There are 4 protein chains.
Amino acid sequence: MTTFFAKQKETERQHRIDHILEAAKTVFMEKGYKNATLRKIALKAQITTGAIYVYFSGKDELYAEVCKQIFHLMNSYLDKASKVDGDIKQRIMSMAMAILRFEKDHHDAADMLAANFSILNLPDKLSEELSELGSQTTYYITRIIIDGKKEGFFPPDKDDVRLALSLWSSLEGFLYMNDYGIFDKYDIDFEELVKDHINYFICGIQQYKEEENA
Amino acid sequence: MTTFFAKQKETERQHRIDHILEAAKTVFMEKGYKNATLRKIALKAQITTGAIYVYFSGKDELYAEVCKQIFHLMNSYLDKASKVDGDIKQRIMSMAMAILRFEKDHHDAADMLAANFSILNLPDKLSEELSELGSQTTYYITRIIIDGKKEGFFPPDKDDVRLALSLWSSLEGFLYMNDYGIFDKYDIDFEELVKDHINYFICGIQQYKEEENA
Amino acid sequence: MTTFFAKQKETERQHRIDHILEAAKTVFMEKGYKNATLRKIALKAQITTGAIYVYFSGKDELYAEVCKQIFHLMNSYLDKASKVDGDIKQRIMSMAMAILRFEKDHHDAADMLAANFSILNLPDKLSEELSELGSQTTYYITRIIIDGKKEGFFPPDKDDVRLALSLWSSLEGFLYMNDYGIFDKYDIDFEELVKDHINYFICGIQQYKEEENA
Amino acid sequence: MTTFFAKQKETERQHRIDHILEAAKTVFMEKGYKNATLRKIALKAQITTGAIYVYFSGKDELYAEVCKQIFHLMNSYLDKASKVDGDIKQRIMSMAMAILRFEKDHHDAADMLAANFSILNLPDKLSEELSELGSQTTYYITRIIIDGKKEGFFPPDKDDVRLALSLWSSLEGFLYMNDYGIFDKYDIDFEELVKDHINYFICGIQQYKEEENA
DNA sequence: GATGAATGAGACTTCATTCAT
DNA sequence: TATGAATGAAGTCTCATTCAT
């Protein structure tokens, strides 16, 4: 019986945590770390500031936990995209579009992932977790690159991780520039721009001969 | 004589301004806009917070002026790089390396240029200046692309600005990822990574046939 | 039960608000709006400045709330006086004496009602409330004038509001002069002076023939 | 010769003082005591803040000196009005209208005269001077009342000073109410309102029988 | 005399965090 | 557990006054 009630309690506790995290996510996303206040979060969660301290050690941990959630959300996008059937190119494009879609669907959330977590005063465990989660993206992309080499789509002499990082980095660049409204000044279809870039990049990988570089 | 003394004073005033800007730059770079405080800046400049207000209307303007300086610095890198002789590829690479070098030399400063200045409460004149300065990079790159098309290096049907933005965006992505230490976990020569990406990208532009995309 | 505790809490909250308002009133009255500081108020209320912000949005609102209280207090004087039985003259005199008494009892408080509330940054609701409260005095006096005309005490051709404003204005003048200690230099019974003035004024209204003015 | 140069210097000094006072008057009138800053005054006078301290001991003294000037200005209005020919009523009305005109011509200046000088940290001499100047108005009015009694216009049993203070007080009341925009809400000709009041008041003095009051 | 940069105290305000209830 | 009032430190900004030049 004790166990039953304990579980019951545990569940309720988790509910409250989720509830707070949900509110925190909204506020952090909207205001950013500094401008978000525990009061606003508490207000949104319809609890009091004091209650937050029952479940979280403070603002920093709360922020980190929200980030964790967002990382998981993002990875769910990637996971889904990674399961799409098709040739290598289609799979890469699917992955890229998933990242773009996530950015579009959760604009402010995406911003949070770029935070420099080192400024927060976090316990080591959380820091590592966040770092680990941030690496997931590379894993997903790398996997496709590896498949691509197996299938002869990419030359075997190129390094998987380097290609994956290269692809991801450029994608992030587009998101970053888009975020700061750089493209707003021009009459440009953002998605098309990214697709073209990936096409050029893939094409380049396939065609580029190292000796040319000499 | 009056003129002489007036100049003398003007120079001294400029010295002080530069001195404050220097301190502000350090602090803003290290802490970011929100976390930087006038007190910290004043402390670093070995003055009082009040003294800052003799030269600047407030935190926002101070921040903006620091950004202006950094933009100018960055543009000096670009300007120098844009004057390098060589073929189109070499010129693009020279430009890219200039951006990398700037990022390396002024790591934290580069971050500031990404700030969303619209959140600051700036006089219109300053806002415009910053916006204008921020566009310079695109101009530099676009110019090379245009030359490249003239010389037959790039296909004539590709849009100059789109290519320039695309190139710049991917570069920014690398810088961004590097900033957040993504590459630190891997044994990767950052510069090589970027060079490879550009090579693939350029090669892709030249070789990519639109019909393939169908 | 919930209701009971909620009420309890509400009451306590009101107590605290009243406590702060009391301190604020003292300080504002003594120093005026500009010279009063939240620190002084907090000190007097034996709390910290921050605590004030739990109950009030800032200095302006605090000031406005104090004014509201004073207006209400003043209106309670007027209300009581307006219920006095007697002929028109006695009723006017009763009203005038109420104003004098209020001024005497709450010397500095009275000053605050003269504030130009438009310089404060108040929510519309508060602004309107204050404006409304400030008009009350005229209403009370006007009502007596109207009765006076009905009873034939005043000539029917005189405008109610003009007479009321005229009476009130002169009263305010006496208060104002008294405030600045003008009468202190002379050996004068302030109340008698005002009574005489009102007597002359009333007598004048009754006797004055417009044609004389030609 | 020394004397000549000394005088020259003295004159120049006075010029500067006047120049500063002029600027100070403008700023104090516009902003009020607290909101006026020495910098604004210095700016308007096209000198530096430091220079002000050569001629004045500080902000308070500067304010007081400005008030002195305004008192003198006001008294010049009264002086001129007091010299008007006509019967007693006309002379009183002339005096009243002069006060109204002064208030109209120098709206903000008039406000300053109402300041509670005791909050300023002034040397005794200045305080007394200000007090003395503030009494002038009563003198002017009293003189007419006295003449009025001599001529049989007013009953001989009424006290001169009391009548003068009474008249002046009510006038001040109208100005005060007008200042705070009380009349703005009503469609009222301010000057007419005041004239009527004075007429009633004078009429009342002449007609009012003390025994009625019993 | 005059300058004006600099000070230093103090203004209002915000907020993460604590703690008595 | 939960409350929410209160704290205390810190934030930006203002300004009368001083003082080296």
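Side-chain atoms are counted along with the backbone in the values below, which use heavy atoms only and exclude waters and symmetry mates. Chain letters run A, B, ... following the sequence lines, proteins first and then strands; every chain starts at 1. Keep in mind that what you see is a predicted model, and the values were worked out from it rather than measured.
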With a 3.5 angstrom cut-off on both distances, give the Watson-Crick or G-U wobble partner of [N], or none if there isn't one.
{"N": "F:dT21", "value": "E:dA2"}
{"N": "E:dT14", "value": "F:dA9"}
{"N": "E:dT7", "value": "F:dA16"}

Do [X] and [Y] come close enough that some side-chain heavy atom pair is under 4.5 Å?
{"X": "B:Leu62", "Y": "B:Leu21", "value": "yes"}
{"X": "B:Asn35", "Y": "B:Glu30", "value": "no"}
{"X": "C:Asp18", "Y": "C:Glu22", "value": "no"}

Would you mind building the protein contact string for nucleotides 13-21 of chain F? One character per nucleotide, 5' to 3', B for base within reach (heavy atoms under 4.0 Å), S for sugar-phosphate only, - for untouched. BBSSBB---
Check whether any side-chain N or O of D:Lys59 sits under 3.5 Å from a backbone N or O of D:Ala36 as a donor-acceptor pair, and report yes or no. yes
Whole-Å distance separating the [atom1] atom of [X] from the [atom2] atom of [N]:
{"X": "B:Leu62", "N": "F:dG11", "atom1": "CG", "atom2": "P", "result": "15 Å"}
{"X": "A:Tyr63", "N": "E:dA16", "atom1": "OH", "atom2": "C1'", "result": "17 Å"}
{"X": "A:Leu43", "N": "F:dT3", "atom1": "CG", "atom2": "P", "result": "12 Å"}
{"X": "A:Glu61", "N": "E:dA16", "atom1": "CD", "atom2": "C1'", "result": "14 Å"}
{"X": "D:Ile20", "N": "E:dG1", "atom1": "CD1", "atom2": "C1'", "result": "11 Å"}
{"X": "A:Gln46", "N": "F:dT3", "atom1": "CD", "atom2": "P", "result": "11 Å"}
{"X": "B:Ile47", "N": "E:dG4", "atom1": "CD1", "atom2": "P", "result": "19 Å"}
{"X": "A:His15", "N": "F:dA2", "atom1": "NE2", "atom2": "C1'", "result": "18 Å"}

What contact category does A:Tyr55 fall into here, base, sugar-phosphate, or nothing, at under 4.0 angstrom with non-hydrogen atoms? sugar-phosphate
Interatomic distance, CE@A:Met29 vs OG1@A:Thr26, rounded to 0.5 Å, equals 5.5 Å
How close do B:Ile52 and B:Ile47 get, heavy atom to heavy atom, and via which atoms? CG1-CD1, 3.8 Å
Pairing of D:Glu128 and D:Lys125 as salt bridge, 4.0 angstrom limit: no
A:Thr48 vs F:dG4: side-chain N/O to OP1/OP2 distance below 4.0 Å: no
